[in-house]
Amino acid sequence: MANTKTLRSGGEILVEALKIHGVERVFCVPGESFLAAIDALAGADRAIETIVTRHEAGAANMAEAYGKLTAKPGICFVTRGPGASHAAIGVHTASQDSTPMILFIGQVGSHMRQREAWQEVDYPAMFGGMAKWVVEIDRPERIPELISRAFHVATSGRPGPVVVALPEDVLSDECETGDAQAYRRVAAHPGAQDMARLAAMIGESARPLVLVGGGGWTKAACRDFAHFVEAFDLPVAAGFRRQDILDNNHPNYIGHAGLGPSPKLVARIRNADLIIAVGGRLGETTTNGYTMFDVPRPAQRFVHVHADPNELGRVYQADLPINAGMPEFAAAAAALKPKGPTGWRTRTPWSDEVKAARAAYEADQTPGPMPGRLDLGAVMMHLRDVLPKDAILANGAGNYAIWVHKFHRYGGFRTQLAPTSGAMGYGLPAAISAKLHHPDREVICFAGDGCFLMSGQELATACQYKAGVVVLVVNNNMYGSIRAHQEREYPGRVFATTLENPDFPALARAYGAFGEKVEETAAFADAFARARAFSVEQKKPALLELVIDPEAITPSTTLTALREAALKAGHG
């Protein structure tokens, strides 16, 4: 029921709407364009925590990570023009990662619109191809209506970002208007006939394989999905940076179809006679540049489950397209009863193949030696031994992440925060957001030297809000992934990829964090223990700089090997 109408400012109406829709935390860089909203947040500080970051990209990435962690919209406030431009990276990540998020942008006063006033931007034009919906509120009395719609759009169907522009006068003007009720997410449910057909197709197959990914997952949905997988004894491969949907220690988990996948896993996916793609768009990275399956008709029988009907048939034609939200599909799938042509129940015709695929995954998780005094493979093995199952690992983009994705075993729902958009600078803000939401869980941030310096100032945010994350900066003094591409395409012509870095531990200490340099494998375990202890005792971040040999460009090759292969192939 709507509240009794009272005279309130637009800012007060807005913040009351946020409270009604269950917002517990917002991320922002303050700006004069939404001072009335800031003032209203000050009056609501017992209900809504406001986290002030040091850059709008950090605020947007923290909000996006919150959306991943909770399946509720992450909320970010920024000012117009420069603030909105900086925050665009978070909107792009939320779009490609299917994450619910709402970006609120202060806007010039309504009476100055379309004059190119100071920092004025046309936000529907700017974000129209990136966000699910972009709206500029023109009157304070419409705030409850349009904020309700923003929450519904961000969470319903395929989740994603919404952008709301707030003219200064709309926030400061007063009016009498009622409030809306809390939003309710809307999602499609799979039909009984579709689910029966899915069970039949599994029963008719000899080599089924599940490829899981996408956004919109919840803890309950992951649990139901695991029940479905177990009932049918299905092998499960994770899409790019979607490794936490099924516990990697589960016997049916067989690996990661992302950057640097196991050749044996790729062969298994190609040789499957039934692909059940659940949740993912089957994008470029997961499908190895759209080469893993024939376009538009895959050679395998194909089931595609997705929350957005517009995604079904967009690239791949499925024998069975199912439009459903992930919680809705997983619940229906968990209720299915296996029934094969020979009446199998617990042992399937592919049970031995599942065990073989699992064994191949485990064998591929033993790292080989790498050049240099510090071995990242050994670092990952140590982390696997000492970190608790519910530890959250966050990272941005760079070749260092290949070690993380290849050798870490994610423990289940939301133990991984990593942008499928490949955005550098994501790891630290995401880790801070995770630690604020789960203060009792360990949160580890991985970042390359280039990646870290795109958001390193957020160490100040972590110190201010007692977010005791542990940051591992992998330093090879270059933009490693670009250098690798350079050696493949233009061998020996090194340009614009070399970096001259600061003293990272000293920089961390300047913020009030812990800082230590690690240059040898044998020194890592003790240094990591000191960093963990500091983060717990002081409730502040701890940073370890891991100095690696530039030759160690991936777990399976070196820069020299890339260069020599390219020259042999006639490149350059």
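Bear in mind the structure is a predicted one, so any value in this text is a computation, not a measurement.
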Does a salt bridge link [X] with [Y], judged by any charged N lying under 4.0 Å from a carboxylate O?
{"X": "Lys389", "Y": "Asp247", "answer": "yes"}
{"X": "Lys68", "Y": "Glu64", "answer": "yes"}
{"X": "Glu141", "Y": "Lys5", "answer": "no"}

message: Quiz question: by atom type and distance under 3.5 Å, do the side chains of Ser98 and Arg158 form a donor-acceptor pair?
response: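 Indeed, the side chains of Ser98 and Arg158 share at least one donor-acceptor pair under 3.5 Å.
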
query: Without hydrogens or angle criteria, can the side chains of Thr53 and Thr461 be said to hold a donor-acceptor pair below 3.5 Å?
result: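 Looking only at side-chain atoms, Thr461 and Thr53 do not form any donor-acceptor pair under 3.5 Å.
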
Nearest-0.5 Å distance, [atom1] of residue [X] to [atom2] of residue [Y]:
{"X": "Met454", "Y": "Met424", "atom1": "CE", "atom2": "CE", "value": "4.0 Å"}
{"X": "Ile48", "Y": "Ile75", "atom1": "CD1", "atom2": "CD1", "value": "9.0 Å"}
{"X": "Ile245", "Y": "Asn248", "atom1": "CD1", "atom2": "CG", "value": "10.5 Å"}

task: Without swapping roles, check the side chain of Asp97 against the backbone of Thr420 for a donor-acceptor pair under 3.5 Å.
output: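 At least one qualifying donor-acceptor pair exists.
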
Enumerate, atom names and distances included, each donor-acceptor pair closer than 3.5 Å involving a side-chain atom of residues 322-334, sequence neighbours excluded.
residue, atom, partner, partner atom, Å
Asn323, ND2, His306, O, 3.1
Asn323, ND2, Ala307, O, 3.0
Glu328, OE1, Arg185, NH2, 2.9
Glu328, OE2, Arg185, NH1, 2.8
Glu328, OE2, Arg185, NH2, 3.4

- prompt: Can you list every side-chain hydrogen bond (donor to acceptor under 3.5 Å, both in side chains) pair that touches residues 218-232, not counting sequence neighbours?
  reply: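 As it turns out, the side-chain hydrogen bond (donor to acceptor under 3.5 Å, both in side chains) pairs with a partner in residues 218-232, which skip direct neighbours, are Glu230-His250.
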
- prompt: Is the centre of the Phe34 ring less than 6.0 Å from the centre of the Phe77 ring?
  reply: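 Under 6.0 Å, so yes.
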
Can you give me the closest heavy-atom contact between [X] and [Y], atom names plus distance?
{"X": "Ala431", "Y": "Cys445", "answer": "CB-CB, 3.8 Å"}
{"X": "Leu312", "Y": "His304", "answer": "CD2-O, 3.3 Å"}
{"X": "Met380", "Y": "Phe446", "answer": "SD-CZ, 3.6 Å"}
{"X": "Cys76", "Y": "Ala63", "answer": "CB-CB, 3.9 Å"}
{"X": "Ser433", "Y": "Phe27", "answer": "OG-CZ, 3.7 Å"}
{"X": "Ala60", "Y": "Gly90", "answer": "CB-CA, 3.8 Å"}

Side chain to side chain, [X] and [Y], heavy atoms closer than 4.5 Å:
{"X": "Pro73", "Y": "Met101", "result": "no"}
{"X": "His152", "Y": "Trp133", "result": "no"}
{"X": "Asp194", "Y": "Leu320", "result": "yes"}

Aromatic ring pairing His21/Phe151, orientation class (parallel under 30°, perpendicular over 60°, tilted between):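 Parallel: the ring planes of His21 and Phe151 meet at under 30°.
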
message: As a quick check of understanding, evaluate side-chain hydrogen bond (donor to acceptor under 3.5 Å, both in side chains) for Thr415 and Asp244, giving each step before the final call.
response: CA-CA 6 Å; Thr415 53; Asp244 62 350; 4.5 Å; no

- prompt: What residues form a salt bridge (Lys or Arg N to Asp or Glu O under 4.0 Å) with Asp138, not counting sequence neighbours?
  reply: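 For Asp138, no residue satisfies salt bridge (Lys or Arg N to Asp or Glu O under 4.0 Å) once neighbours in sequence are set aside.
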
